[in-house]
Amino acid sequence: MKASKVAYKPVGLVLGALSGALAGALFKQAWKMLGHDEDAPDATDEERGWVEAVTAAVLQGAIFAGVKAAVDRSGATATRRLTGTWPG
């Protein structure tokens with residue numbers, strides 16, 4: 001394994017935690033913008049219908065994946081600028 005990959009691991013872990021928090025906040029805002037006053041349903045929420053539960057899961061997954069990709073890419077770009085090598 002390259003030294004740059006090993007050195008980037010702790011940075012990647014921190015960025016992953018930050019991206020999860022950011023994505024969670026963005027999802028809550030998006031869910032409210034769609035007209036929902038309550039928190040998003042879990043898949044096993046008996047009070048909510050299939051469409052609402054699956055829509056929430058798809059939206060949440062898309063937001064988390066997009067934010068994670070943007071944060072990971074930004075971290076890798078910053079690492080290249082600082083060290084001259086790509087961490088991946």
Side-chain angles (χ1 to χ4, degrees):
M1 187 180 283
K2 289 183 185 178
S4 61
K5 263 189 171 181
V6 173
Y8 184 73
K9 281 285 188 194
V11 174
L13 290 172
V14 170
L15 290 176
L18 292 175
S19 67
L22 176 61
L26 287 173
F27 171 68
K28 283 184 180 186
Q29 291 301 316
W31 191 249
K32 286 180 184 177
M33 286 175 54
L34 290 173
H36 299 277
D37 293 332
E38 301 176 22
D39 287 337
D42 291 326
T44 57
D45 191 342
E46 189 176 19
E47 303 296 318
R48 310 283 185 90
W50 274 82
V51 172
E52 188 177 15
V54 172
T55 300
V58 168
L59 179 62
Q60 186 176 31
I63 290 172
F64 271 79
V67 169
K68 182 176 179 348
V71 170
D72 286 348
R73 188 72 184 194
S74 297
T77 301
T79 299
R80 174 179 264 170
R81 287 184 184 148
L82 291 172
T83 66
T85 60
W86 192 259

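- The shortest distance between side-chain heavy atoms of W31 and I63 does not fall below 4.5 Å.
- Applying the salt bridge (charged side-chain N to carboxylate O under 4.0 Å, His left out) test to every pair with at least one member in residues 17-34, sequence neighbours left out, gives no pairs at all.
- In this structure, CG in L26 is found 10.0 Å from CG in L59, a value given to the nearest 0.5 Å.
- Summarising the geometry of A76 relative to W86, their closest heavy-atom pair is CB-CZ2, 3.5 Å, with the distance given to 0.1 Å.
- When the side chain to side chain donor-acceptor pair (under 3.5 Å) test is applied to R48, the partners found at least two apart in sequence or on another chain are E38, E52.
- Within the structure, side chain to side chain donor-acceptor pair (under 3.5 Å) pairs that include any residue of residues 59-74 comprise K68-D72 (at least two apart or interchain).
- Other cluster members for V54: W50, V58, joined by side-chain heavy-atom distances under 4.5 Å among Ile, Leu, Val, Met, Phe, Trp and Tyr.
- Contact detail for S19 and V67: the closest heavy-atom pair is O-CG1, 3.5 Å.
- Hydrophobic cluster membership for V14: L18 (Ile, Leu, Val, Met, Phe, Trp, Tyr linked by side-chain heavy atoms under 4.5 Å, directly or transitively).
- With a 4.5 Å cut-off between side-chain heavy atoms of Ile, Leu, Val, Met, Phe, Trp and Tyr, the cluster of V51 takes in none.
- A distance of 8.0 Å separates OG1 of T79 from CG of L15, quoted to the nearest 0.5 Å.
- In the hydrophobic clustering of ILVMFWY residues, with side-chain heavy atoms under 4.5 Å counting as a link, F64 and L34 come out apart.
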